[in-house]
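Right, one structure below, let's go through it.
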Amino acid sequence: MSDTLYAPPVLTGNYAFFFDLDGTLAEIKPRPDQVSIPAHVRHALAQLAEQQGGALALISGRSMAELDMLAAPYRFPLAGVHGAERRDINGQSHTLSLPDGLAAELKPWLAEGLARLPGSQLESKGMAFALHYRQAPEHQQAVVALAQAAFNRFPGLALQPGKCVVEIKPAGISKGEAIKAFMQESPFRGRTPVFAGDDLTDEAGFEAVNALGGVTIKVGQGKTRAQWRLAGVEETHRWLLEIEKQLQNNALTDRRNGNESLSSRI
């Protein structure tokens with residue numbers, strides 16, 4: 001799609017919302033543990049989820065444990081590690097792991113390779129590995145080469161490049177597949193999907209949502225399959241808060257007109 005895209009409209013219909021986290025709901029930081037979602041944004045997400053009957057999920061490369069921590073005290077449906085792990089609205093988890101024994105063999109092999117690249121970092125996610133080089137951008141080519149070597153040496157893997165990171169994950173998973181799985185389940189089923197993300201890892205999600213006739217939003221610059229664009233995290237926050245505000249106003253109007261409110265129906 002064109003690099004010239006416009007801000008999305010305020011969406012207040014029968015939608016299912018999916019949000020990436022880093023670079024979309026939270027500013028990217030030098031280290032993953034420095035990232036946070038502002039309290040008022042977490043509250044707005046919870047309000048939007050309630051107003052949409054629970055049809056809101058976080059879709060991220062982070063683990064579900066990290067997502068729960070960052071979204072606390074709220075608990076949403078989740079897809080972590082690019083969909084390798086997923087939790088539905090009923091709290092049931094669905095996990096796709098690396099082949100037996102592969103993670104135990106791969107981890108020390110990657111650690112040894114990154115030890116020769118000062119400033120790079122290995123993050124183990126159980127069913128996937130992230131090779132970070134945000135604090136050592138001069139090692140980008142070497143980190144990518146190490147990830148490619150792992151892909152060539154060990155079976156059952158797929159590579160996912162991102163912003164200053166290369167992820168090694170089980171083959172056959174993506175954010176797009178996670179969104180499609182959610183859309184087959186209540187309360188997402190029958191709604192129009194909306195997905196906002198910022199990175200290469202989100203393009204599979206955009207492709208899936210476009211195919212479902214949904215709304216796709218690229219956060220930040222760069223070519224994308226998305227239909228709309230928000231300039232950055234702050235703009236995403238403003239857009240989210242405007243949706244939540246408009247839905248509240250619609251519910252108030254319904255009550256004034258003597259109609260049952262959206263929240264009471266949920």
Side-chain angles (χ1 to χ4, degrees), residues 1-3 5-26 28 37 41 44-46 48-49 51-62 64 67 70-71 76-89 94 160 162-163 167 173-233 235-244 247:
M1 289 192 176
S2 170
D3 201 41
L5 301 175
Y6 299 97
V10 174
L11 304 173
T12 59
N14 191 41
Y15 292 100
F17 287 91
F18 300 96
F19 291 96
D20 171 52
L21 196 141
D22 294 82
T24 300
L25 293 175
I28 293 176
I37 304 174
V41 175
L45 288 169
L48 179 58
Q51 291 157 348
Q52 294 293 330
L56 184 149
L58 303 182
I59 312 288
S60 174
R62 288 179 178 267
M64 293 198 303
L67 293 174
L70 289 164
F76 303 107
L78 305 172
V81 196
H82 307 287
E85 53 179 3
R86 190 173 67 86
R87 184 177 72 211
D88 62 27
I89 191 69
H94 312 262
Q160 179 60 69
K163 292 181 177 178
E167 305 228 22
I173 65 167
S174 71
K175 292 184 179 182
E177 292 301 316
I179 290 173
K180 287 192 286 186
F182 277 122
M183 291 302 298
Q184 295 175 26
E185 304 169 349
S186 178
F188 302 91
R189 186 173 51 241
R191 293 174 174 267
T192 300
V194 179
F195 179 46
D198 75 302
D199 204 350
L200 291 172
T201 63
D202 300 309
E203 292 297 322
F206 296 150
E207 185 175 11
V209 170
N210 287 341
L212 292 169
V215 179
T216 48
I217 304 154
K218 167 78 170 181
V219 180
Q221 298 305 305
K223 292 184 178 181
T224 181
R225 296 184 179 95
Q227 307 153 340
W228 305 89
R229 189 185 304 278
L230 290 163
V233 172
E235 288 72 21
T236 305
H237 292 171
R238 283 196 286 268
W239 179 72
L240 171 62
L241 293 168
E242 185 59 34
I243 292 174
E244 192 263 336
L247 285 169

* Which atom pair, heavy atoms only, marks the closest approach of Trp239 to Pro9? -> NE1-O, 2.9 Å
* To do: Taking the side chain as every heavy atom from C-beta outward, state whether Thr224 and Leu5 have any atom pair closer than 4.5 Å.
  => yes
* **Over all atoms of both residues, closest heavy-atom pair of Glu244 and Gln51** => O-NE2, 3.7 Å
* Asked: Any donor-acceptor pair under 3.5 Å linking the side chain of Glu85 with the backbone of Met64?
  -> yes
* Look only at the side chain of Gln52 and the backbone of Gly13, and say whether a donor-acceptor pair between them is shorter than 3.5 Å. => yes
* Look at the side chain of Glu235 and the backbone N and O of Gly232, then say whether any donor-acceptor pair between them is shorter than 3.5 Å. => yes
* **Residue list, side-chain hydrogen bond (donor to acceptor under 3.5 Å, both in side chains) with Ser174, at least two apart or on another chain** => none
* Structure fact -> Value for CG (Leu240) from CG (Leu11), rounded to nearest 0.5 Å, stands at 11.0 Å
* Which atoms form the tightest heavy-atom contact between Phe182 and Asp88, and what is the distance? -> CE2-CA, 4.1 Å
* Asked: Any donor and acceptor pair, going by atom type alone, linking the side chain of Thr216 with main-chain N or O of Gln227 inside 3.5 Å?
  -> yes
* Asked: Just how far is it from atom CG of Leu45 to atom CD1 of Ile37, taken to the nearest 0.5 Å?
  -> 6.5 Å
* Test item: His237 side-chain N/O and Leu25 main-chain N/O as donor-acceptor pair under 3.5 Å -> yes
* Side chains of His82 and Glu167: donor-acceptor distance under 3.5 Å anywhere? -> yes
* Is Asp198 paired with Lys163 through a side-chain N to carboxylate O contact shorter than 4.0 Å? -> yes
* Asked: Quick one: does Lys175's side chain get under 4.5 Å of Phe18's, heavy atoms only?
  -> no
* Structure fact -> Heavy atoms of Ala178 and Ala79 approach each other most closely as CB-CB, 3.7 Å
* Asked: So, do Thr192 and Tyr15 sit near enough that their side-chain heavy atoms are less than 4.5 Å apart?
  -> yes
* Asked: Does some side-chain heavy atom of Ile89 sit less than 4.5 Å from a side-chain heavy atom of Pro187?
  -> yes
* Asp20 versus Asp199: any side-chain heavy-atom pair under 4.5 Å? -> no
* Separation between CD of Glu203 and CD of Glu207, rounded to the nearest 0.5 Å -> 9.0 Å
* Would a distance-only check, ignoring hydrogens and angles, find a side-chain to backbone donor-acceptor pair under 3.5 Å from Arg86 to Ile59? -> no
* How long is the span from the CG atom in Leu48 to the CZ atom in Phe17, to the nearest 0.5 Å? -> 5.0 Å
* Give the minimum heavy-atom separation between Val233 and Ala26, together with the two atoms involved. => CG2-O, 3.7 Å
* Any side-chain heavy-atom pair of Phe188 and Met183 under 4.5 Å -> yes
* To do: Might you point out which heavy atoms bring Ile173 and Ala84 nearest each other, and give the distance in Å?
  => CD1-CB, 3.3 Å
* Counting N and O atoms only, with roles assigned by atom type, does the side chain of Arg225 sit under 3.5 Å from a partner on the main chain of Gly205, one being a donor and the other an acceptor? -> no
* Measure the spacing between NZ of Lys223 and NZ of Lys218 and express it to the nearest 0.5 Å. => 12.5 Å
